[in-house]
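Let me begin by presenting the structure, written as structure tokens, before commenting on it.
Bear in mind that the values here come from a model prediction, so they are computed numbers and not experimental data.
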Amino acid sequence: MTMKLVLLWVLGLWSVSGIDLSRSESFLSYLDEEVTVSPGSTTTLIVPLTLIQGAASKGAVCLDGTLPGYHLHRGFGSGANSWVIHLEGGGWCNTIRSCVFRKTTRRGSSKFMEKSINFTGILSNKAEENPDFYNWNRVRVRYCDGASFAGEGQNEANKLYFRGQRIWLAAMEELMAKGMQNANQALLSGCSAGGLASILHCDEFKNLFPETTKVKCLSDAGLFLDAANVAGGHTLRDMYKGVVTLQGVQKNLPSTCYSQKDSTSCFFPQNLVSNVKTPMFLLNAAYDAWQVDQSLISSLADPHGLWRACKTDRSHCNSSQIQFFQDFRNQMLNAVKIFSESNQNGLFINSCFAHCQSERQDTWYENDSPRIGSKGIAVSVGDWFFDRTAVKAIDCPYPCDKTCHDVILK
């Protein structure tokens, strides 16, 4: 019998426009928990933090001015010249207030980052946990800018440094010097805000290498949609507008989009993925748990709690509420329609209420991991990367999938 993952979904460090930060200081986000906690493994690989010592001279600093960092575990054997670069997620900050709060956390300062973290899922070094990438050089780049590694600017009055783009460049420069320049194959991946970053930086990543290097990108839970919430508003668009404006993101957005749309629209993946030239794989839950909780049915959109019972237990949803979820799934499928027509791209859109499925061991590769048909996530990504077979996996609508490891929203 498939064991479902039951988690408390607490979201403090995801700074969404309008959230009362005075109460969020006592919260942890789901993603924050997953940096150091991985169920199902008692011998998890622990990898130390490395700060980028030369970053300050380039102005590549976290929100509070501290050095950015990463965790690297070296590859071995046949994977010694192969690299996975995983960009960490953790929301965004869209106002001075939310960014000032953020710099007192590990999402805005390396002073508060763990000195070592667990490597699980796509970062595991065990073949039985990560069959295709276990012996590659595996890197987790820490996220401390609050704009998906894309900002450029500062706020002197509040001592805030919006240097996401410089952090990206400094991290890549350091990793190239540490051997990535000799890679024969490389995968840029990322989860959530890091999944958005992997889309934004995919072609830049490809351009670091010679044409002979096999380079692809994976975005996990990065397909954030410009969708209406249950009150008819656009929570995420309002928040993204603040991120893009405050942090100077517009100057780093792809010109293929920015020449035709406003800068906020060009921070949404649905307006970017079709123009990415490098092969890309989109891994996403059709009913992404973060978007359901923080964008579609936030406390601001549902102030009277009319959706609370449905959100926490879908057996309590009425037919119109279920249809709302199905409409969101349809928007996601429409958003990737053109993208999916390219032979070089891959898809795994499962009908789950989940978020970030490549980082967790139980969703990435275990006996009861989520599947579409008979194929799980790790095998699907591997089949696509190594061109073993085309992967365009789209699940049937909720509630048909019984393999989900759903997040239980509270």
Pair [X]-[Y], side-chain donor/acceptor within less than 3.5 Å:
X: N130; Y: S124; value: no
X: N350; Y: Q357; value: yes
X: Q165; Y: E204; value: yes
X: H355; Y: Q291; value: no
X: H73; Y: R138; value: yes
X: N318; Y: S320; value: yes
X: Q323; Y: D327; value: yes
X: D220; Y: S189; value: no
X: R314; Y: Q321; value: no
X: W290; Y: S192; value: no
X: R360; Y: H405; value: no
X: Y365; Y: K126; value: no

Original post:
Could you state the interatomic distance from CG (L272) to OG1 (T256), rounded to the nearest 0.5 Å?
Top reply: 7.0 Å
Minimum side-chain heavy-atom gap [X]-[Y] below 4.5 Å:
X: Y398; Y: F353; answer: yes
X: I122; Y: W364; answer: yes
X: T50; Y: L72; answer: no
X: F267; Y: F224; answer: no
X: V336; Y: L347; answer: yes
X: R106; Y: Y143; answer: no
X: C93; Y: Q247; answer: yes
X: F209; Y: M176; answer: yes

**OP:** Quick one: list whatever passes salt bridge (Lys or Arg N to Asp or Glu O under 4.0 Å) with E341, sequence neighbours left out.
**Re:** K337
Subject >> Residues forming a salt bridge (Lys or Arg N to Asp or Glu O under 4.0 Å) with R371, sequence neighbours excluded >> reply: none
Subject >> Where at least one partner belongs to residues 375-385, residue pairs that pass salt bridge (charged side-chain N to carboxylate O under 4.0 Å, His left out), sequence neighbours excluded >> reply: K375-D383, D383-R388
Subject >> Worked check of salt bridge (Lys or Arg N to Asp or Glu O under 4.0 Å) between D387 and K216 >> reply: CA-CA 11 Å; D387 303 306; K216 297 188 178 185; 3.0 Å; yes
Subject >> Intermediate values then yes/no, salt bridge (Lys or Arg N to Asp or Glu O under 4.0 Å), E173 and R166 >> reply: CA-CA 10 Å; E173 183 179 341; R166 297 194 202 191; over 6 Å; no
**OP:** Could you list the residues that satisfy ring-ring contact (aromatic ring centres under 6.0 Å, His included) with H201, not counting sequence neighbours?
**Re:** W168
**OP:** Classify the angle between the aromatic ring planes of F133 and F385 as parallel (below 30°), tilted (30 to 60°) or perpendicular (above 60°).
**Re:** perpendicular
Examine distances only and state if a side-chain atom of [X] and a backbone atom of [Y] form a donor-acceptor pair shorter than 3.5 Å.
X: S109; Y: T105; result: no
X: Q361; Y: E129; result: yes
X: T120; Y: E359; result: yes
X: E152; Y: V249; result: no
X: D401; Y: T403; result: yes
X: S351; Y: A286; result: no
X: S198; Y: L218; result: yes
X: Q344; Y: K277; result: yes
X: N345; Y: M280; result: yes
X: D64; Y: T66; result: yes

Subject >> Pairs involving residues 53-63, ordered by first then second residue, that meet side chain to side chain donor-acceptor pair (under 3.5 Å) (sequence neighbours left out) >> reply: none
Original post:
Can D226 and S265 be said to form a side chain to side chain donor-acceptor pair (under 3.5 Å), step by step?
Top reply: CA-CA 8 Å; D226 186 7; S265 295; 5.2 Å; no
**OP:** Heavy atoms only: give me the nearest I199-L282 pair and the separation to one decimal.
**Re:** CD1-CD2, 4.3 Å
Original post:
Could you give all pairs that pass the disulfide (SG to SG under 2.5 Å) test and reach residues 216-262, with sequence neighbours left out?
Top reply: C202-C217, C257-C266
Subject >> Test of ring centre spacing under 6.0 Å for F324 and W307 >> reply: yes
Subject >> Validation row, ring centre Y240 to ring centre F268 under 6.0 Å >> reply: yes
Original post:
Would K178 and Y70 count as a side chain to side chain donor-acceptor pair (under 3.5 Å) if you check the C-alpha gap in whole Å, the side-chain angles of each, and the deciding distance to 0.1 Å?
Top reply: CA-CA 12 Å; K178 288 201 168 186; Y70 62 89; 2.9 Å; yes
**OP:** Please step through salt bridge (Lys or Arg N to Asp or Glu O under 4.0 Å) for the pair K311 and D293, ending with a clear verdict.
**Re:** CA-CA 8 Å; K311 189 166 78 167; D293 189 67; 3.1 Å; yes
